[in-house]
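Numbering of ligands and ligand atoms starts at 1, following listing order. Residues: numbered from 1 along the sequence shown.
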Amino acid sequence: MGHNVMALRHKHSRGADSNGEGPVAAPPHLYRSGADPVWWALDRFSNVWFPFWNRVTTPVVPPAIDATTTLEVIRREVVAHDENVVALTFAAPDRRELAPWRPGGHLDLLLPSGKMREYSLCGDPSDRFTYRIGVRRIPGGGGGSIEVHDTLTEGSRVRIKGPRNGFPLALPGHGSTATRLRFIAAGIGITPILPMAAAAQRLGIDWSMIYTGRSLDSIPFTSELARFGDRVTIRTDDDHGFPTPTELLGETDGGVAVYCCGPVPMLESMRSTLVGRDDIEFHYERFSPPPVVDGNRFSVRFARSGVTADVSDDEQMLHAMQRAVPSVAYSCRQGFCGTCRVRVVSGVPDHRDHLLTDDERAAGWMLPCVSRCAGDELEIDV
Ligand code: FES
């Protein structure tokens, strides 16, 4: 079996704010298109082989990177018993067909306040006229989820970018050498997993899921999972305590591709458990920034104001910048969206992103959400 421990970026910076200014670019993997051989084949032949796969069969034409579309909220449902998660269904104001997407895809919501937030699509890819997302209200976060909850009512309109996909599903026997799928979701992490499970079910792939969370009241979409019967195990912390990686993994035989979405500690424990397991693919998506590894202390000076902020060895440079300049733009906080990029005036950056090109770095750009300083001080054009 092929080893495929994939360090996929998380795309839901639900606690992150952006003022929406500045260039926004994304790496090519966020725009997987109809050129993908597995999905290309399904796009063309699934009407024959998988009649229920329906409209996912249209070849994908991804939207331009910075193109925005205005959508209308046509349905708003509370989908967790604690009433802290809403599912919003969007359609075009003129009800025209929307750009297609595949399981693992997400939208960028450009909120009226200027904040930008990314949310997984959790509806049915074969429905080409609506998109659906699920949003947990996070008091004390960056304010984006609260704005969504408080302002996006039925009939309201919002601009979006996307869909894009940074958490693609590779099908066993086609894009993957695995023979089974194991889905691991925690809380709101169910959102990208829902359409994956539905796809696996439709395509007759052997799959199972464990869905965890604080309590039954806190986890959304449980009623939608009921149709999958015993393929889905719901395990809540209040009844069973925190699950171990082995419990999350279920069977430990090889030949399985694991798709995992949840909090960083869960993902990190799964990653370390699977080190050396060349027979298990691990695909994951984070909802919060990764911890700083091998960080150093340095200071960052804002050239326009002369203000200086100290960056501790375990904190993002972006976080220190926000203390001094709260309006600084950001979104993903993981080095893939490009929203936070700033130009270095002096000092040597320690680039830790996989987004900027050599030319952009040579021109002085850096991404302070993941990158740091190779010395004691950086001066930036902010
Ligand atoms: S916030 Fe997305 S790259 Fe920094």
message: Does either side chain, that of Thr236 or that of Asp238, offer a donor lying less than 3.5 Å from an acceptor on the other one?
response: yes
- request: For Cys369, counting its heavy atoms only, list the atoms of ligand 1 lying under 4.0 Å from any of them.
  value: 1 (S), 3 (S), 4 (Fe)
- prompt: Within the side chain of Arg235, is there an N or O that forms a donor-acceptor pair under 3.5 Å with the backbone of Gly241?
  reply: yes
- prompt: Do Ser145 and Arg137 have side-chain N/O donor and acceptor atoms under 3.5 Å apart?
  reply: no
statement: Counting from 1 in the order shown, the ligand 1 atoms closer than 4.0 Å to a non-hydrogen atom of Gly335 are 3 (S)
field: Ligand-side contact atoms (ligand 1) for residue partner Arg333, heavy atom cut-off under 4.0 Å
entry: 1 (S), 2 (Fe)
- request: Please check if any side-chain donor atom of Thr357 sits under 3.5 Å from a side-chain acceptor atom of Asp359, or the reverse.
  value: no
task: Any atoms of ligand 1 less than 4.0 Å from a non-hydrogen atom of Gly338? List them with their elements.
output: 2 (Fe), 3 (S)
